[in-house]
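Side chains are part of it too, since the values below use all heavy atoms of this structure and drop only hydrogens, waters and symmetry mates. The structure presented is a predicted model; accordingly, all values stated were derived computationally and were not measured.
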Amino acid sequence: MRGHGAGKGAAAFCALAVFACAVGWFRFQEANRPLLEIEVLAPAQEEEQAAAVERPRILIYHTHTWEAYEMEEEATYEPTETWRTKDETQNMVRVGETLAEELRQLGFDVVQDTTAFEPPNISDAYNRSLKMIESRLEAGEHYDYILDVHRDAYSGLFNSANGVTLGGETMAYVMLLVGKGTGATGSGFDERPDWPQNLRLAQAVTDAMNAIVPGISREVKVKTGRFNQHVSPHAVLIEVGNNRNTLREALAACPVIAQAIADVHNAGEIP
């Protein structure tokens, strides 16, 4: 009986030792196993990432970068010549920044190129801005809309005023311009814009602006020049006010322009 009891005790001891070894091995494996990292996204983060992928893209640039407005006491600048300045807080760069921010708030992904294309000679500024666009497109950048933002030259009152007043605030008139790529004799550029398509976009944005603030946008102007609009069927030139407007009046028009672009895009009527 004693021998039998001793055998049972030895077997139990062996089983215990095996179990202890197994537990030790398991703990060693767990201690040395690489940590599994799991990133948990909140619903808002997931929506933000999805929106970033699908967000429509806009390129804003300024062929006539140094165009400026009538000075006010709180908005002065050092002119390069009359109604032009290098000061980016007072020229078209400032207008483009404001428009870009308004568009971003409406869900667009906006790139603003602030290169000064006017020097050394304004007469070939469009050649330099074209090279910028082409280099971006060749690098694989994609844009749903390409906007060249300018200001117009004053040519007299429109509707007996130089802007639209709403709620005590004056907004500069806006005008979209489309180029056909032809010359006065019918000749012109070898590569011309798909100007009827660009015109469709310009007219839709014009109508949308006037639906938001009646009379803020003048009729679309179609000209014989090309204005780099051959790079995309969704390329237009936007004139925000004129040199007799103030910068404040031009900036006041930017939310209307942005909302009109968003309305046209969201309607999905421009392929």
Who are the salt bridge (charged side-chain N to carboxylate O under 4.0 Å, His left out) partners of [X], not counting sequence neighbours?
X: E118; value: R84
X: R200; value: none
X: D144; value: none

Report yes or no: do [X] and [Y] form a side-chain donor-acceptor pair below 3.5 Å?
X: N228; Y: H230; value: no
X: Q112; Y: H62; value: yes
X: H265; Y: Y145; value: yes
X: S217; Y: N210; value: no

Neighbour count above 12 (heavy atom, 6.0 Å) for [X] [atom1]:
X: E74; atom1: CD; result: yes
X: Q105; atom1: CD; result: yes
X: D190; atom1: CG; result: no

Rounded to the nearest 0.5 Å, what separates atom [atom1] in [X] from atom [atom2] in [Y]?
X: M175; Y: T206; atom1: CE; atom2: OG1; answer: 9.5 Å
X: T76; Y: D87; atom1: OG1; atom2: CG; answer: 8.5 Å
X: Y126; Y: I133; atom1: OH; atom2: CD1; answer: 10.0 Å

Can you see which heavy atom on P193 is nearest to which on N198, and at what distance? CB-ND2, 4.0 Å
State, to 0.1 Å, how close Q90 and A75 come at their nearest heavy-atom pair, and which atoms those are. OE1-CB, 3.4 Å
Do [X] and [Y] have side chains that approach each other closer than 4.5 Å (heavy atoms only, starting at C-beta)?
X: P79; Y: T85; value: no
X: K86; Y: E78; value: no
X: Y77; Y: M71; value: yes

Looking at [X] and [Y], would you say the former's side chain and the latter's main chain have a donor-acceptor pair under 3.5 Å?
X: R128; Y: P119; result: yes
X: N245; Y: G163; result: no
X: H150; Y: T65; result: no
X: R226; Y: G181; result: no
X: R151; Y: V240; result: no

Partners meeting side-chain hydrogen bond (donor to acceptor under 3.5 Å, both in side chains) with E72 (sequence neighbours left out): R248
Going by an N to O cut-off under 4.0 Å, is there a salt bridge joining D113 and R136? yes
When you check the gap from the basic side-chain N to the acidic O, do K131 and E134 get nearer than 4.0 Å? no
Taking the six-membered ring of F108, is the NZ or CZ of R55 close enough (under 6.0 Å from the centre) and on axis enough (within 45°)? no
From the options V256, I238, V164, select the one residue that forms a side chain to side chain contact (heavy atoms under 4.5 Å, CB included) with V174. I238
side-chain hydrogen bond (donor to acceptor under 3.5 Å, both in side chains): which pairs involve residues 152-164, sequence neighbours left out?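 Listed once each, the pairs are N162-N242.
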side-chain hydrogen bond (donor to acceptor under 3.5 Å, both in side chains) partners of residues 168-179, not counting sequence neighbours, each pair once: T165-T170
Working for ring-ring contact (aromatic ring centres under 6.0 Å, His included), residues H64 and F117: CA-CA 7 Å; H64 294 160; F117 297 110; 9.9 Å; no
One pair to check against side chain to side chain donor-acceptor pair (under 3.5 Å): T63 and D148. What are the steps and the verdict? CA-CA 7 Å; T63 296; D148 190 3; 2.8 Å; yes
